[in-house]
Every structure is written in C-alpha cells, then in structure tokens.
Peer 1: 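Before anything else, here's the structure in question.
Indexing begins at 1, ligand by ligand and atom by atom, following the structure's order. Nothing fancy with the numbering, it's 1 onward along the sequence.
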Amino acid sequence: MSLCEGCHAGCCRSFAVPVTGADVLQIVRHQGLSFWEFVCRWADPDGSIAGNYAPHVYFDDEPDAPFVLCLTHVPSDQFPGTTRCRFLREAPDSNGKGDGTPPVGAACGIYADRPVACRVFPAKMMPRNELAILYEVPEYGRPGKEPAYRLCPRQWTPADVDPIQQVQDLVVAQYEMNFFTTLVQSWNRDPGPWLAFPDFLTQVYDQRVQPNPDASQAALRLWNPAA
Ligand code: SF4
Ligand code: SF4
C-alpha cells in the first residue's frame with residue numbers, strides 16, 4: 001500500500017503549488033478549464049513559495065511585487081476553517097465513528113494531469129550526480145498544529161518510490177521549470193497586465209515545435225530576444 005493511500009493529503013492542503021506553463025496548458029486542454037478557473041498569482045515577497053524552484057513573475061499593476069503562479073485554493077469541507085487545492089477531492093462522508101472526527105481520505109481529482117511539483121514531492125535531483133534524493137518532510141506543512149496541515153505519517157524511504165518514474169518525473173520537472181523560467185524572464189523585461197499572461201503563455205508554447213532549425217531560431221527570438 002502506498003504511503004499516500006488513506007492519507008488526508010496534508011500536502012495538497014498546506015502548500016501553494018507552483019505551476020509551469022506546460023502544467024497550465026495541459027490542465028486547460030485535458031480538463032476543459034480556463035486559466036482563470038485554477039491559476040492564481042500568490043504574492044511572494046520573502047521568496048518562501050518560489051524557493052529555489054519557481055520564478056517570480058511581475059505585472060504592471062503592482063510592478064514591485066514578486067508573484068508565483070500557483071494552483072488556487074478553496075475552503076475545505078472536511079476541515080472547516082482551512083483551505084485545500086481546488087483539485088483535491090475530499091472524502092465525502094464521515095469516517096463512520098460518529099464522533100465528529102474529520103473523515104480520512106482524499107485524492108487528487110486530476111491525478112494524470114497533476115503539475116510536476118506534485119509528481120516529484122518529496123524528492124529532488126542532485127545536480128552533480130543526477131541521482132534523486134528524498135528530503136525530510138516536516139510534521140506540519142504550515143506553522144501551528146492544525147490537523148489538516150499535518151503531513152506524511154512517516155518519512156519517505158527509497159522503497160516508497162519507483163526509481164525509474166521518479167527520476168523521469170524529476171527530469172521533466174527540471175526541464176519544464178527551466179523553460180518556464182526563461183520565458184518569465186522575457187516577460188519580466190517589460191511586464192504586462194495579469195490579464196494578458198494566459199495569451200502570452202499560449203503563444204509561446206504553441207511555438208515549441210517548429211518545422212526546421214531556422215524557423216526555431218526565429219520563433220525563439222519572438223519571446224526571448226537574448227537567444
Ligand atoms: S493538483 Fe492534485 S496532487 Fe497537486 S496539490 Fe492539487 S490535489 Fe494535490
Ligand atoms: S501528506 Fe505525504 S503521505 Fe499524505 S498524500 Fe501528501 S505526500 Fe502522501
């Protein structure tokens with residue numbers, strides 16, 4: 001049984017999940033949602049959301065405010081007064097104890113299309129030797145002892161993950177976040193309105209496949225003049 005089975009998914013409740021452009025467009029296409037139905041910009045003045053992972057994006061309405069593009073959160077039914085990722089499906093009913101204890105169990109509602117950040121948790125790639133390592137998961141994902149934000153029941157071990165899939169997911173995560181960071185750097189040279197960002201994303205990703213090397217250089221220069 002996987003470590004996540006039966007868990008109330010404290011990770012999907014605690015964290016702001018940064019997304020890449022590819023994550024966003026995959027969800028738009030496969031889930032039939034618009035950008036505005038699941039993406040938000042979270043202000044990140046101290047860099048705690050972005051960490052060393054996601055880029056800061058700037059917009060012309062608040063030119064000095066660094067934002068990270070994340071999945072939106074909504075109020076939780078299972079744990080009143082807390083929030084969860086809008087894609088988390090909570091256990092619908094009680095746990096049968098009838099004692100007011102919150103029901104256990106929750107699952108990702110877009111598992112096949114979940115962002116790369118969700119796929120790789122709690123692993124990262126060692127840049128020097130290209131091996132994956134598991135990092136220590138804290139007891140709670142947010143300050144305090146709120147049960148909703150309690151994380152994994154025990155620390156992960158290598159036996160809990162697939163060594164092929166995990167590393168492949170990490171490679172894709174790294175590639176997609178690097179690509180997204182490059183295009184965000186281009187956007188940040190002359191930040192436009194938040195409302196224009198989805199069209200910018202679509203335009204860039206629509207050009208990721210070109211018919212020949214000359215066309216690929218021309219396409220790249222449209223959004224990345226430094227290329
Ligand atoms: S997309 Fe799925 S796995 Fe990722 S935080 Fe949301 S519910 Fe959890
Ligand atoms: S908190 Fe840990 S065990 Fe629970 S769903 Fe998230 S990763 Fe899995």
Side-chain angles (χ1 to χ4, degrees), residues 1-42 44 48-51 53-54 68-79 82-92 95 101-124 132-163 165-170 172-173 176-177 180:
M1 177 166 149
S2 107
L3 190 53
C4 300
E5 250 172 83
C7 178
H8 69 289
C11 54
C12 306
R13 301 171 187 278
S14 300
F15 303 128
V17 175
V19 289
T20 67
D23 290 329
V24 170
L25 295 177
Q26 175 134 317
I27 293 171
V28 166
R29 284 178 196 157
H30 293 178
Q31 301 294 325
L33 297 172
S34 80
F35 178 96
W36 304 110
E37 288 177 280
F38 65 96
V39 183
C40 64
R41 55 179 201 178
W42 286 46
D44 187 31
S48 57
I49 299 175
Y53 179 67
V68 178
L69 260 60
C70 295
L71 297 180
T72 50
H73 266 219
V74 295
S76 162
D77 292 329
Q78 206 170 358
F79 296 90
T82 68
T83 68
R84 61 167 173 89
C85 168
R86 55 100 65 220
F87 290 120
L88 187 68
R89 287 205 189 121
E90 300 188 301
N95 59 5
T101 311
V104 294
C108 178
I110 55 160
Y111 191 75
D113 293 323
R114 68 200 189 288
V116 287
C118 306
R119 290 171 190 274
V120 301
F121 182 83
K124 66 180 176 186
I133 57 158
L134 298 166
Y135 49 83
E136 196 176 324
V137 178
E139 194 178 352
Y140 289 88
R142 294 192 189 183
K145 301 270 182 190
E146 165 57 56
Y149 303 134
R150 194 178 180 109
L151 297 176
C152 316
R154 63 165 169 78
Q155 291 300 327
W156 286 67
T157 71
D160 292 314
V161 298
D162 179 329
Q165 191 64 53
Q166 187 75 27
V167 172
Q168 289 181 351
D169 285 345
L170 280 163
V172 171
E176 290 295 357
M177 196 50 90
F180 184 60

Peer 1: Considering heavy atoms of the protein only, find what lies nearest to atom 8 (Fe) of ligand 1 and give residue, atom and distance to 0.1 Å.
Peer 2: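 Of every protein heavy atom, Cys12 SG, 2.4 Å lies nearest to atom 8 (Fe) of ligand 1.
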Peer 1: Considering the heavy atoms of Leu71, write down every atom of ligand 1 situated less than 4.0 Å from one of them.
Peer 2: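 Those of ligand 1 that fall under 4.0 Å from Leu71 are 1 (S), 6 (Fe).
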Peer 1: Anything protein N/O/S under 2.8 Å from atom 4 (Fe) of ligand 2? Just list residue and atom, please.
Peer 2: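 Listed by chain and number: Cys7 SG.
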Peer 1: Check whether Glu146 reaches the backbone of Ala148 with its side chain - one donor and one acceptor, N or O, closer than 3.5 Å.
Peer 2: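 Between the backbone of Ala148 and the side chain of Glu146 there is a qualifying donor-acceptor contact (under 3.5 Å).
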Peer 1: Without swapping roles, check the side chain of Asp44 against the backbone of Ala50 for a donor-acceptor pair under 3.5 Å.
Peer 2: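 Looks like yes, one N/O pair under 3.5 Å.
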Peer 1: Among protein heavy atoms, which lies nearest atom 2 (Fe) of ligand 1, and at what distance?
Peer 2: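 That would be Cys108 SG, 2.4 Å.
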Peer 1: Is the shortest side-chain N to carboxylate O distance from Arg119 to Asp113 below 4.0 Å?
Peer 2: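 No, no charged N to carboxylate O under 4.0 Å.
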Peer 1: Within ligand 2, which atoms have a heavy atom of Phe121 less than 4.0 Å away?
Peer 2: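 So the atoms of ligand 2 that pass are 7 (S).
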Peer 1: Which atoms from ligand 1 have a heavy atom of Pro115 less than 4.0 Å away?
Peer 2: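 Heavy-atom distances to Pro115 below 4.0 Å select 1 (S).
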Peer 1: So, the side chain of Asp23 versus the backbone of Val116: is there a donor-acceptor pair under 3.5 Å, distance only?
Peer 2: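 Yes; at least one donor-acceptor contact below 3.5 Å.
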Peer 1: Should we count CZ of Arg89 as having more than 12 external heavy atoms under 6.0 Å?
Peer 2: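 Incorrect, the count does not exceed 12.
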Peer 1: Could you tell me whether a side-chain N or O of Asp169 sits under 3.5 Å from a main-chain N or O of Gln166, the two making a donor and an acceptor?
Peer 2: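 Checking the backbone N and O of Gln166 against the side chain of Asp169, no donor-acceptor pair under 3.5 Å is found.
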Peer 1: Would a distance-only check, ignoring hydrogens and angles, find a side-chain to backbone donor-acceptor pair under 3.5 Å from His8 to Pro147?
Peer 2: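 Here the side-chain-to-backbone pair exists.
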Peer 1: Hey, is OH on Tyr135 packed in by over 12 heavy atoms from elsewhere, all under 6.0 Å?
Peer 2: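 Yes, because the 6.0 Å sphere around OH of Tyr135 holds more than 12 heavy atoms from other groups.
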Peer 1: For atom 6 (Fe) of ligand 1, what is the closest protein heavy atom, and at what distance to 0.1 Å?
Peer 2: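 For atom 6 (Fe) of ligand 1, the nearest protein heavy atom comes out as Cys85 SG, 2.4 Å.
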Peer 1: Does the Arg142 side chain pair with the main chain of Arg13, one donor and one acceptor, at a distance under 3.5 Å?
Peer 2: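 Yes; judged by distance alone, with no hydrogens or angles, the pair exists.
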Peer 1: For ligand 1, which atoms, with element, lie under 4.0 Å from some heavy atom of Cys118?
Peer 2: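 Answer, ordered by atom number: 1 (S), 3 (S), 4 (Fe), 5 (S).
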Peer 1: Restricting to salt bridge (Lys or Arg N to Asp or Glu O under 4.0 Å), what partner residues turn up for Glu139, sequence neighbours left out?
Peer 2: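 Salt bridge (Lys or Arg N to Asp or Glu O under 4.0 Å) check on Glu139 returns Arg150.
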Peer 1: Just which atoms of ligand 1 are under 4.0 Å from any heavy atom in Val17?
Peer 2: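 What qualifies from ligand 1 is 5 (S).
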Peer 1: Select one of side chain, backbone, both or neither to describe which atoms of Trp156 lie under 4.0 Å from any atom of ligand 2, heavy atoms only.
Peer 2: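 Under 4.0 Å from ligand 2, Trp156 contributes side-chain atoms alone.
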